[in-house]
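Following: one structure in structure tokens, then a few remarks.
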Amino acid sequence: MSVPMAQSRATNVPPGGTCPRDRILLRAARSDPRLRYYVYWPATAGADSHVLVAVHGISRNAREHVRMLAARASHHGVLLMAPLFPPDIFPHYQRLGRKGAGLRSDQSLNRMLEDLGRFTGRRIERIHLFGYSGGGQFAHRYALAYPQRVIALAITSPGWYTWPDPLRRFPLGLAPSAFLPDLRFDLDKFLCIPTCVLVGAHDTERDPQLRTGRRLDREQGRNRLERGRRWIRQLRREARQRGLTTRYRFRELPNSSHDFMENVMRDAMDRHVFRFLFEPEGKRNKSR
């Protein structure tokens with residue numbers, strides 16, 4: 001499933017104006033031109049359609065995310081948005097930011113969503129959220145900080161996770177950190193968010209981008225595959241202790257390693273993400 005080539009080219013649009021349909025656009029927020037995002041608003045999306053935010057990894061391939069996900073967004077009638085977090089402005093976007101070092105990525109996404117609402121003439125209060133690799137780190141931490149804004153969460157191959165531990169300092173756990181002193185988390189509300197983790201079966205390399213350490217390796221695992229399984233297992237455990245029946249899924253992509261395009265082309269990662277986020281459980285079961 002792909003977008004026709006004429007639609008796959010991104011067009012720069014100024015802060016004003018109204019969002020056209022069926023075009024991939026690069027938008028600068030009216031409140032701050034440093035805040036840029038890609039948007040694709042398919043003709044199939046109604047005025048009250050769902051919004052999917054797709055967050056890139058450290059390659060900053062936000063345009064590729066929109067280009068590869070646009071056909072699925074059109075099929076499901078979803079407004080698609082991909083924030084762009086350049087390294088000179090957002091050096092620590094995966095951790096939501098760091099005091100005294102660039103802009104806060106969580107606060108910046110909120111401002112981008114406000115701008116997207118004005119651009120499309122609608123009010124955006126809640127979103128579906130997807131992140132790949134470093135974007136997966138951002139996505140689950142954003143959901144921990146703003147659980148009231150996230151309807152459902154799907155992440156692929158984060159290098160490591162914030163553990164649902166209230167005694168360890170963020171980003172390893174949920175205790176307040178001097179790096180982001182005003183950041184607070186609501187674990188109980190976060191555990192109500194349906195969550196899916198996808199990881200390539202061959203994503204087991206301990207590459208330079210993978211955060212490592214004796215304690216981290218021991219607690220979370222030695223590679224992305226182990227860490228994804230353990231994190232979902234821990235969320236299930238925490239949810240059961242609270243009497244919650246939240247839907248959690250772990251999916252291994254059998255033919256993939258750590259590459260966004262490979263995950264889409266070899267294992268239809270996009271299909272799995274959209275099915276989890278936007279298809280009712282009964283419909284998914286019947287289509288298997």
Side-chain angles (χ1 to χ4, degrees), residues 3 7-57 60-70 72-74 76-97 101-132 134-135 138-139 141-143 145-153 180 182-183 277:
V3 181
Q7 296 178 359
S8 69
R9 302 187 183 95
T11 302
N12 287 281
V13 292
T18 303
C19 184
R21 300 293 190 112
D22 286 332
R23 292 172 59 192
I24 295 175
L25 306 169
L26 177 59
R27 164 86 172 176
R30 178 178 294 180
S31 62
D32 186 342
R34 294 176 299 174
L35 306 182
R36 296 183 298 154
Y37 59 89
Y38 287 89
V39 58
Y40 176 70
W41 195 16
T44 55
D48 58 349
S49 62
H50 291 301
V51 178
L52 173 61
V53 175
V55 187
H56 60 68
R60 269 74 178 183
N61 59 338
R63 177 182 175 276
E64 184 178 56
H65 274 230
V66 176
R67 187 171 63 86
M68 297 304 296
L69 301 178
R72 298 283 177 193
S74 181
H76 288 270
V78 171
L79 172 60
L80 177 61
M81 180 258 221
L84 185 59
F85 294 126
D88 57 329
I89 302 174
F90 300 95
H92 303 285
Y93 83 98
Q94 304 99 311
R95 305 184 185 192
L96 308 184
L103 297 182
R104 284 269 298 269
S105 54
D106 60 328
Q107 295 173 349
S108 295
L109 176 58
N110 290 338
R111 293 174 66 187
M112 292 180 203
L113 288 169
E114 290 177 5
D115 185 82
L116 178 63
R118 288 190 293 268
F119 193 34
T120 56
R122 52 180 293 171
R123 185 178 180 87
I124 300 174
E125 296 181 340
R126 303 185 73 203
I127 60 173
H128 290 74
L129 186 56
F130 166 72
Y132 187 86
F138 168 88
R141 289 168 181 145
Y142 180 91
Y146 304 91
Q148 73 282 0
R149 300 208 67 175
V150 180
I151 299 170
L153 172 68
L180 290 174
D182 63 332
L183 195 64
L277 294 178

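If you read the sequence from its start, that first residue is 1, and numbering goes on from there.
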Any luck finding a side-chain donor-acceptor pair between Ser49 and Arg122 under 3.5 Å?
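Checked: Ser49/Arg122 side chains pair up, N/O donor to acceptor below 3.5 Å.
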
Just by modelled atom types, is the [Y] backbone N or O under 3.5 Å from a matching donor or acceptor in the [X] side chain?
| X | Y | result |
| --- | --- | --- |
| Arg36 | Pro83 | no |
| Thr120 | Cys19 | no |
| Asp115 | Arg30 | yes |
| Arg123 | Gly117 | no |
| Tyr93 | Pro87 | no |
| Arg21 | Pro42 | yes |

Determine whether Asp88 and Arg34 satisfy the following criterion, side chain to side chain contact (heavy atoms under 4.5 Å, CB included), listing intermediate values before the conclusion.
CA-CA 11 Å; Asp88 57 329; Arg34 294 176 299 174; over 6 Å; no

Of all heavy-atom pairs between [X] and [Y], which one has the smallest distance, and what is that distance?
| X | Y | value |
| --- | --- | --- |
| Gly102 | Pro91 | CA-CD, 4.1 Å |
| Ile124 | Leu113 | CD1-O, 4.0 Å |
| Ser105 | Gly97 | OG-N, 4.0 Å |
| Ala62 | Ala82 | O-CB, 3.8 Å |

From Leu35 CG over to Gln107 CD, what is the distance, rounded to the nearest 0.5 angstrom?
11.0 Å

Sole candidate of Asp22, Leu25, Leu52 that passes side-chain contact (heavy atoms from CB on, under 4.5 Å) when paired with Tyr40
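Answer after filtering Asp22, Leu25, Leu52: Asp22.
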
State plainly whether the residues Arg104 and Asp182 are in salt-bridge range, i.e. N to O under 4.0 Å.
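Answer for the salt bridge query: yes.
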
